[in-house]
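Just so it is clear, the structure is predicted and the values come from calculations on it, not from any experiment. Chain A is the first sequence line, chain B the second, and so forth, proteins listed ahead of strands; every chain is numbered from 1.
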Amino acid sequence: MLKIYSTMSRKKETFKPMQGNRVKLFVCGPTVYDDSHIGHARTYISFDIIARYLQYRGYSVFYLQNITDIDDKIINRASELGVAPLDLARKFEKRYLEDMRALGVDHVNLHARATEHIPEIIAQIETLIEKGFAYETDTGVYFDESKFPDFGKLSRRNIQDLNIHRVNPDNTKRNPGDFALWKKRDEEPFWDSPWGNGRPGWHIEDTAITEEYLGQQYDIHGGGLDLIFPHHEAEIAQMESVSGKAPMVRYWMHTGFLNVQGEKMSKSLGNFITIQDMLEKHDPETFRFFVLSTHYRSPIDFSETALEQSKNSLERIYKLIETIDEALESDIPQSNDNDADLNDKLTEIKKQFIGAMDNDFNTPKALSVVFNYIRDVNRELDEANISKSILIGIKNFLMEFGAVIGIDFKRRICADDKTRDLLEVIVEVREKLREKKDWELSDHIRSKLKELDFILEDK
RNA sequence: GCCAAGGUAGCUUAGAGGCGAAGCGGUGGACUGCAGAUCCAUUACACGUGAGUUCAAAUCUCACCCUUGGCUCCA
């Protein structure tokens, strides 16, 4: 039975989709004004694994993500660079999508741009005005926080506290905490609206997009911890006011922050790492493993040593797959007396794996289950007490596990055909030397190959 | 100030009243010409401090110490 921790209740709740086994999942996408960083990667890998696991458990998942391609940050950055805001947004959207592909994050079914949903945004704002939740001033249209008493229910704050902290109150607003639905602007880019030229506020694009594709109520809404307030709070206020229905979503899921060597990642500290920077030094698989070795809600600390540990741990799984493949090509028996026991064991491990993941996607626990099993399998292999039929079952399980965490354990071979042929020749020659017990020269070849990043291991 | 999350072996992380965790790393052994991988053993009487509840506390309660984060730019 799958349980999901919901930020709304601050408890693990039994997961039950609104509609049979269909899961409607929305995760807040990036504002595309700069390259994505490894914190984004953490969040989107986490939700990628969550979507994958839901599918593994038999749910039919529709995973929707917005692209915020109109926003003050985009406009500011574009004017610094002297380019058109929408051109800048397209450029970074493209880079974002490339980064995600490189990381194996590929379970989003639909990306929806804010600027392609202006009519839906305007319609929602009109409804909010009609229902008395929003009002127009000289500078824009604002959501009237005082009309939505539930404001703050997700972040557990009260409106009084919030009003103290408002930094630059727009003095046309009724309450300091009221937030913009529509900003009246005559500078590009702007769209025509019932309130004149302008552009949407920050929060409205998500509710317009989710209402369009998922409806007024849906199953899971995800994002980084930093979005709880004010972004998700504003979304709830907008959507529940528009629809008159609550809750807007049944499960609110938030990922913890990624820190760099114990500190928050920020440009001023000089520890800001983009996904592209990170991928120059590390495999995407290593980074995915690093992400899933910590629970998605906990903070995770990025460091070179942590990545090194992840790389080495991951190696253990690759190694076992290789060993199994070799065993399958050898002349071990198709089946033996030990099969029944080992089959039971495998069934038990699968159960434990599902048990771990069903507990709010506890990937570290799932890993420990898998690693425990790997040691057992290695022992059986060492004792040569295992049949082909069992090995096939084990390999299938490992590959299935890989599919859930988004890592293909079939090792990628990067070398081209010619290089591979050349390596074959070298290995063959070295084998001859070893037959002649010319250890000095064969060790020399092995160490030279290692300098070129080819690891040669004798049986 | 207000609100969170956390302090578990050398490192990274799970667990959340009884059955002593997983990986990485170190050391020793088996195997190997050597190395690597693998296995075994060990590092390891693990749970921030002090009190309390309990037959039983890493887990519950209280106090305290420390760390990090949020408080309308944020994944």
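Rounded to whole angstrom, the span from the CG atom of A/Asp301 across to the P atom of B/G7 amounts to 14 Å. Taking atom CG of residue A/Leu181 and atom P of nucleotide B/U72, one finds them 19 Å apart after rounding to whole Å. One can place OH of A/Tyr96 at 9 Å from C1' of B/A75, the figure rounded to the nearest angstrom. As rounded to whole Å, 11 Å separates atom P of B/A14 from atom CG of A/Leu292. In this structure, A/Leu258 places its CG atom 13 Å from P of B/A75, rounding to the nearest Å. One interatomic measurement links the two molecules: CG of A/Asn385 to P of B/C39, which rounds to 16 Å at whole-angstrom precision. Spacing between atom CG of A/Leu307 and atom P of B/U13 amounts to 12 Å, rounded to whole angstrom units. Put simply, CD on A/Glu233 is 13 Å from C1' on B/C3, counting in whole angstrom units.
A/Ser293 comes within 4.0 angstrom of sugar-phosphate atoms only, judged by non-hydrogen atoms across all strands, and of no base. At a threshold of 4.0 angstrom between heavy atoms, the contacts of A/Lys437 with the nucleic acid are absent. Here A/Arg379 lies in heavy-atom contact (under 4.0 Å) with sugar-phosphate atoms only. Contact annotation for A/Ser298: backbone-only contact, meaning every heavy-atom pair under 4.0 Å involves sugar-phosphate atoms and none involves a base. In this structure, A/His295 reaches the sugar-phosphate backbone alone: every heavy-atom distance under 4.0 Å involves primed, P, OP1 or OP2 atoms, never a base. Here A/Ser368 lies in heavy-atom contact (under 4.0 Å) with sugar-phosphate atoms only. When heavy atoms are screened at a 4.0 angstrom cut-off, A/Ile228 is found touching no nucleic acid atom at all. A/Gly223 comes within 4.0 angstrom of the backbone, heavy atoms only, and of no base. Residue-level contact check: A/Phe290 touches neither bases nor backbone, having no heavy atom under 4.0 Å from any strand. When heavy atoms are screened at a 4.0 angstrom cut-off, A/Arg156 is found touching no nucleic acid atom at all.
A 3.5 Å limit on both hydrogen-bonding distances identifies no Watson-Crick or G-U partner for B/G17. The base-pairing partner of B/U38, taking Watson-Crick or G-U wobble contacts with both distances under 3.5 Å, is B/A30. Across the strands present, B/C71 finds its partner in B/G1; the criterion is a Watson-Crick or G-U wobble pair with both atom distances under 3.5 angstrom. With a 3.5 Å ceiling on both atom-pair distances, the Watson-Crick or G-U wobble partner of B/U61 is B/A51. Nucleotide B/G6 forms a Watson-Crick or G-U wobble pair with B/C66, both donor-acceptor distances falling under 3.5 Å. Figure legend. B/G25 is base-paired to B/U43; pairs are counted as Watson-Crick or G-U wobble with both atom distances under 3.5 Å.
Residue A/Thr31 has its side chain nearest to B/A75 when only B/C11, B/A75, B/U68 are considered. Of the candidates B/C11, B/C34, B/G69, the closest approach to any side-chain atom of A/Asp458 belongs to B/C34. For A/Asn378, the listed nucleotide lying nearest its side chain is B/U38; candidates were B/U13, B/U38, B/C24. Checked against B/A14, B/U72, B/C34, the side chain of A/Asn362 finds its nearest nucleotide in B/A14. Out of B/C24, B/A37, B/A14, the shortest distance to the side chain of A/Lys319 is found at B/A37. In this structure, of B/A75, B/U13, B/G70, it is B/G70 that holds the atom nearest to the side chain of A/Arg157.
Environment of CD in A/Glu383: crowded, with over 12 heavy atoms of neighbouring residues, nucleotides or ligands closer than 6.0 Å. Within a 6.0 Å sphere centred on CD of A/Glu424, heavy atoms belonging to other residues, nucleotides or ligands number 12 at most. No more than 12 heavy atoms of other residues, nucleotides or ligands shown are found within 6.0 angstrom of NZ on A/Lys311. Heavy atoms of other residues, nucleotides or ligands lying less than 6.0 angstrom from NZ of A/Lys183 number more than 12.
Atom C1' of B/A21 sits at a distance of 11 Å from the matching atom of B/C47, rounded to the whole Å. Taking atom P in both B/C24 and B/A63, the straight-line distance is 41 Å, to the nearest Å. To the nearest whole angstrom, the two C1' atoms, one in B/G18 and one in B/A56, are 6 Å apart. Taking atom P on both nucleotides, B/C3 is separated from B/U72 by 16 Å, rounded to a whole Å. Rounded to the nearest Å, the gap between the P atom of B/G15 and that of B/A22 is 15 Å. Nucleotides B/C19 and B/A37, compared at atom C1', are 33 Å apart to the nearest Å. Comparing B/A57 with B/U49, their P atoms are spaced 15 Å from each other, to the whole Å. With C1' as the reference atom, B/U12 and B/G6 are 15 Å apart, rounded to whole Å.
The pair A/Asp325-A/Lys410 does not meet the salt-bridge criterion, since no charged nitrogen lies less than 4.0 angstrom from a carboxylate oxygen. Salt bridge annotation for A/Arg434-A/Asp458: present, with a cationic side-chain nitrogen under 4.0 angstrom from a carboxylate oxygen.
Judged by distance alone with a 3.5 Å cut-off, a donor-acceptor contact links the side chain of A/Arg434 to the base of B/G33. Scanning atom types as modelled, no donor and acceptor separated by under 3.5 angstrom connect the side chain of A/Arg42 and the base of B/A75.
In this structure, A/Phe409 and A/Phe401 have parallel ring planes: the angle between them is below the 30° cut-off, well short of the 60° mark.
Defined by atom type and a distance below 3.5 Å, a donor-acceptor pair is present between the side-chain atoms of A/Thr68 and A/Asn66.
Distances shown here put a side-chain N or O of A/Asn372 below 4.0 Å from the OP1 or OP2 atom of B/A22. In this model, the phosphate group of B/U38 is approached by a side-chain N or O of A/Arg316 to a distance below 4.0 Å at OP1 or OP2. Using a 4.0 Å cut-off, some side-chain N or O of A/Lys264 falls inside it from OP1 or OP2 of B/G70.
With the nearest nucleotide of RNA chain B identified for both A/Arg375 and A/Arg430, A/Arg430 has the one nearer the 5' end. Toward the 5' end of RNA chain B, the nearer of the two residues A/Gly224 and A/Asn312, judged by each one's closest nucleotide, is A/Asn312.
The stacking criteria are not both satisfied for A/Phe371 over the base of B/A22, which would need a centre-to-centre distance under 5.5 angstrom and an angle between ring planes under 30 degrees.
Between A/Asp144 and A/Leu128, the closest side-chain pair of non-hydrogen atoms is not below 4.5 Å.
Taking the ring centre of A/Phe371 as origin, the terminal cationic atom of A/Arg316 falls outside the region bounded by 6.0 Å and 45° from the ring axis.
With its glycosidic angle more than 90° from 0, B/C71 is assigned anti.
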